[in-house]
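Remarks on the structure that follows.
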There are 2 protein chains.
Amino acid sequence: MSKRVTINDVARTAGVSRQTVSRALNDKGEIDGSTKQRVLDAARELGYRPSRFARGLVRQDTTTIGLVIPDLLNPFFTEVAAGALEAARARGWHVIVYDTAGSDEEERGTIEVVVSQVDAVVGYFNLAESELDAHLSGMPAVLIGREHQTPRFSSIRIEGAAGVREAVDHLVANGHRRIGMLDYEERSRPSIRHSWFADAMSAHGLVADAVGNAVQSVDGGTEALTDLLARRPDLTAVFAFNDVIAVGALRAARRLGRAVPDELAVVGFDGLQLGTVVDPALTSVALDTRRVGALAIEQAGRLLAREPQLPPEELLVNAVLLVREST
Amino acid sequence: MSKRVTINDVARTAGVSRQTVSRALNDKGEIDGSTKQRVLDAARELGYRPSRFARGLVRQDTTTIGLVIPDLLNPFFTEVAAGALEAARARGWHVIVYDTAGSDEEERGTIEVVVSQVDAVVGYFNLAESELDAHLSGMPAVLIGREHQTPRFSSIRIEGAAGVREAVDHLVANGHRRIGMLDYEERSRPSIRHSWFADAMSAHGLVADAVGNAVQSVDGGTEALTDLLARRPDLTAVFAFNDVIAVGALRAARRLGRAVPDELAVVGFDGLQLGTVVDPALTSVALDTRRVGALAIEQAGRLLAREPQLPPEELLVNAVLLVREST
DNA sequence: TTGAAAGCGGTACCAA
DNA sequence: TTGGTACCGCTTTCAA
């Protein structure tokens with residue numbers, strides 16, 4: 001790595017002081033036109049590029065947020081990321097994206113690195129709060145889709161009980177009684193969405209006993225529904241943990257020759273754009289995903305500025321039923 | 001914004017010098033256990049967080065790449081971004097993602113900001129090379145999917161002539177003669193993909209005279225095919241600029257009651273994952289999108305280190321026909 | 001209009 | 001094991 005060209009080098013070859021170089025480069029007034037030109041020429045010739053560290057050190061204005069997500073290829077996280085990016089840009093902030101590939105190991109590595117690279121971090125974490133707290137060494141953090149205890153943390157909650165209830169109501173109203181679920185278990189425990197589902201079922205006197213487990217991918221959904229239907233061919237409807245899994249389920253239904261929605265109704269969760277490109281278009285308990293990202297940025301901003309936090313009810317994104325064609 | 005807590009504050013409250021604080025925080029040896037603990041306590045209490053700028057200034061090791069894409073919600077760019085992120089992580093580099101929303105204005109703003117935030121920039125740019133050159137003020141840049149003249153730039157080329165030729169051969173072999181195209185024009189000029197298509201058509205003595213123009217979105221594809229078929233209902237196959245548009249075309253065909261592939265064959269370009277979730281699965285001239293991103297990072301690294309560039313033939317990503325169900 | 005000097009917040013190297 | 005000092009590269013006073 002050849003030595004860095006500094007402002008001093010430019011100053012020397014242009015025959016001026018470094019302050020003058022700084023003036024020329026930053027378009028400040030108070031500089032002679034020809035001097036400025038001379039400096040600019042010298043800078044170009046030497047291939048000078050100011051150090052962003054030195055600059056940042058002096059004018060501590062730029063804010064950089066780390067966005068941690070498990071999988072950029074999962075459209076849900078992409079939509080959240082897009083929302084975060086947009087909100088950050090509106091404030092002139094930067095976003096460094098970290099993809100943890102859904103692995104705890106990568107997540108640890110990411111956190112280690114994040115600490116020295118950004119001003120605050122937002123995103124989806126899987127590690128225990130105690131571990132996060134220990135390694136984040138005081139950095140403001142906003143957890144998405146997950147509760148927090150430590151006061152230093154903040155979280156954006158996704159409230160889907162009412163939406164899932166709507167979905168089950170809708171299915172029951174359409175005559176469905178045997179409704180299964182494709183869940184996504186974390187740490188071998190049923191998800192919170194599963195409990196929303198179970199509650200909604202009980203309200204109709206039904207039991208949520210037909211549950212399959214899927215990994216978070218389209219293929220995962222295909223596989224899970226295939227398995228579930230093998231065990232419970234009597235199901236007439238399924239609720240999936242999210243749209244990605246539901247889209248996989250749609251594919252499985254097609255392969256198994258079960259027409260959707262007539263022979264099997266499918267409901268997803270998230271309300272992604274993805275649900276509109278499949279056939280039939282996916283009915284889903286929909287979320288404003290962009291808002292999730294935007295809220296996280298907003299909240300990170302408050303943490304950073306030590307401003308009062310948003311009240312809990314503002315840190316909530318509600319999901320509502322969006323009926324399309326798959327039910 | 002309350003004043004920043006610096007290493008001096010910690011040193012003062014812990015009653016030691018800042019060098020000692022530095023030692024304690026960086027787990028250097030040569031420090032008494034109790035002193036270290038005292039420093040750590042003080043740091044925690046004050047909520048001290050080291051300035052990444054000051055750190056970066058002194059040990060100038062971290063490399064940050066700016067990734068500029070027009071639309072993070074477009075799965076093609078997401079796949080490229082994922083490839084870039086992965087390649088960057090493997091080197092311990094960071095990636096700041098910029099979404100220009102496909103607007104020249106945003107692109108200008110992005111470039112302005114990028115210059116002082118990253119060490120090199122890679123991505124999709126729309127602005128003229130002269131303008132890029134002027135505002136990038138010497139920063140190494142890798143253009144994706146676009147030729148370059150200025151030697152300081154580098155580019156990752158996408159070579160699809162052979163793949164498109166394969167696609168047209170395949171369609172013709174299946175009896176298609178009236179094949180249309182849904183193009184994506186830039187600056188009101190047919191794309192390079194259109195010319196590949198036209199060449200492939202001529203090779204069979206056919207003319208590429210049924211061309212529609214689409215915006216880069218699923219909806220754009222739907223609209224464009226609807227229009228095109230209104231003008232040219234006799235078409236039996238269409239080749240789309242990319243998979244996103246092709247997926248929209250699939251939807252249009254469905255709405256118009258034209259069965260795919262029997263009454264209309266559809267071929268996309270890019271070979272995205274997206275093509276496997278639709279029904280029928282999309283035949284596409286496929287690209288290794290992750291590799292596109294990875295190559296861009298690799299090349300940026302060489303530019304940065306002033307190492308010899310990769311030879312042009314390595315900076316090429318070839319597309320090949322991937323037959324699925326839509327043809 | 002220009003330059004000298006003083007930091008910005010850290011780390012490295014030395015001496016104590 | 002500690003602290004003093006120089007310095008990273010740049011911008012911001014303040015004089016000249």
Side-chain angles (χ1 to χ4, degrees), chain A residues 1-40 42-43 46-64 115-119 137-139 304, chain B residues 1-40 42-43 46-64 113 115-119 137-139:
Chain A
M1 185 78 140
S2 53
K3 206 158 164 25
R4 189 181 174 80
V5 178
T6 76
I7 196 173
N8 288 310
D9 301 322
V10 179
R12 198 173 314 121
T13 65
V16 298
S17 69
R18 21 184 238 178
Q19 304 53 279
T20 303
V21 175
S22 180
R23 286 187 190 104
L25 262 40
N26 295 303
D27 266 330
K28 303 268 177 189
E30 311 181 334
I31 184 172
D32 186 86
S34 68
T35 311
K36 179 168 176 177
Q37 194 51 55
R38 192 149 36 91
V39 172
L40 260 27
L46 295 175
Y48 168 70
R49 304 209 329 93
S51 149
R52 63 170 192 281
F53 294 113
R55 264 212 176 133
L57 190 52
V58 166
R59 33 178 218 230
Q60 347 208 141
D61 39 9
T62 51
T63 297
T64 304
V115 166
S116 64
Q117 290 296 326
V118 304
D119 300 303
S137 47
M139 168 168 294
L304 234 26
Chain B
M1 185 79 139
S2 52
K3 207 156 163 25
R4 181 172 230 305
V5 178
T6 77
I7 196 172
N8 289 309
D9 301 321
V10 179
R12 199 174 313 118
T13 65
V16 298
S17 69
R18 18 186 239 176
Q19 304 53 298
T20 303
V21 174
S22 179
R23 285 187 192 104
L25 262 40
N26 294 304
D27 266 329
K28 302 269 179 191
E30 309 179 336
I31 185 173
D32 185 85
S34 69
T35 311
K36 179 168 176 178
Q37 195 49 56
R38 190 149 39 91
V39 171
L40 259 27
L46 295 175
Y48 167 70
R49 302 212 329 94
S51 149
R52 63 169 191 283
F53 294 114
R55 271 212 172 134
L57 189 53
V58 83
R59 36 174 214 232
Q60 354 206 133
D61 38 10
T62 52
T63 298
T64 304
V113 142
V115 165
S116 65
Q117 291 295 327
V118 303
D119 300 304
S137 45
M139 168 168 295

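Note that the coordinates shown come from a computational prediction; the quantities given were computed from them, not determined experimentally. Reminder, nothing fancy here: chain letters follow the sequence lines and each chain counts from 1.
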Sequence neighbours excluded, every pair satisfying salt bridge (charged side-chain N to carboxylate O under 4.0 Å, His left out) that has a member inside residues 6-17 of chain A: A/Asp9-A/Arg12
Shortest side-chain distance from B/Asp32, nucleotide among D/dG9, C/dC13, D/dT1: D/dT1
Given DNA chain D, 5'-ward residue of the pair B/Val58 and A/Val58, judged by closest heavy atom: B/Val58
From D/dT2, D/dC14, D/dG9, nucleotide with atom closest to A/Thr6 side chain: D/dG9
Atom of A/Leu25, atom of A/Ala43 and distance for their closest heavy-atom approach: CD1-CB, 4.5 Å
Phosphate contact (D/dT2 OP1 or OP2) by B/Thr35 side-chain N/O below 4.0 Å: yes
Presence of A/Asn26 side-chain N/O under 4.0 Å of D/dT11 phosphate oxygens OP1/OP2: yes
Axis bend over the full length of the helix from C/dT1-D/dA16 to C/dA16-D/dT1, computed from five pairs that close each end, to 10 degrees: 40°
Between P of C/dT11 and CD1 of B/Ile31, the distance in whole Å: 12 Å
Nearest atoms (heavy-atom pairs only) where A/Tyr48 meets A/Ile7: CE1-N, 3.5 Å
Between P of D/dT12 and CG of A/Asp27, the distance in whole Å: 13 Å
Quiz item: B/Arg52 side-chain donor-acceptor pair to C/dG10 base, under 3.5 Å: no
Atom pair distance, as rounded to whole Å: CZ in A/Arg38 and P in C/dT1: 14 Å
Interface with DNA chain C, restricted to residues 12-22 of chain A and to heavy atoms under 4.0 Å: A/Val16, A/Ser17, A/Arg18, A/Gln19, A/Thr20
By salt bridge (Lys or Arg N to Asp or Glu O under 4.0 Å) - contacts of B/Arg52 (at least two apart): A/Asp119
Inter-residue atom distance B/Thr35.OG1 - B/Arg38.CZ, 0.5 Å rounding: 5.0 Å
B/Val118 versus A/Arg49, closest heavy-atom pair with distance: O-NH2, 3.4 Å
Nucleotide D/dG9, atom C1' - distance to CG of B/Asp119 in whole Å: 14 Å
Rounded distance (Å) that lies between atom P of C/dG9 and atom CZ of A/Phe53: 16 Å
Qualifying residues under side chain to side chain contact (heavy atoms under 4.5 Å, CB included), relative to B/Thr13, sequence neighbours excluded: B/Ala42, B/Leu46
Between D/dA6 (P) and B/Leu57 (CG): distance, integer Å: 18 Å
Listed partners of A/Asn26 passing side chain to side chain contact (heavy atoms under 4.5 Å, CB included), at least two apart: A/Ser22, A/Lys28, A/Arg55, A/Arg59
Least distance between heavy atoms, A/Met139 atom then A/Val115 atom: CE-O, 3.4 Å
base_contact_polar (D/dG3 base, B/Arg23 side chain, donor-acceptor, <3.5 Å): yes
Between C/dA4 (C1') and A/Asn8 (CG): distance, integer Å: 13 Å
Heavy-atom closest contact (B/Thr62 atom, A/Phe53 atom, distance): OG1-CZ, 3.5 Å
Distance in angstrom units between A/Arg49 CZ and D/dC8 P, rounded: 19 Å
Nearest listed nucleotide, side chain of A/Ser51, among D/dC10, D/dT13, D/dT1: D/dC10
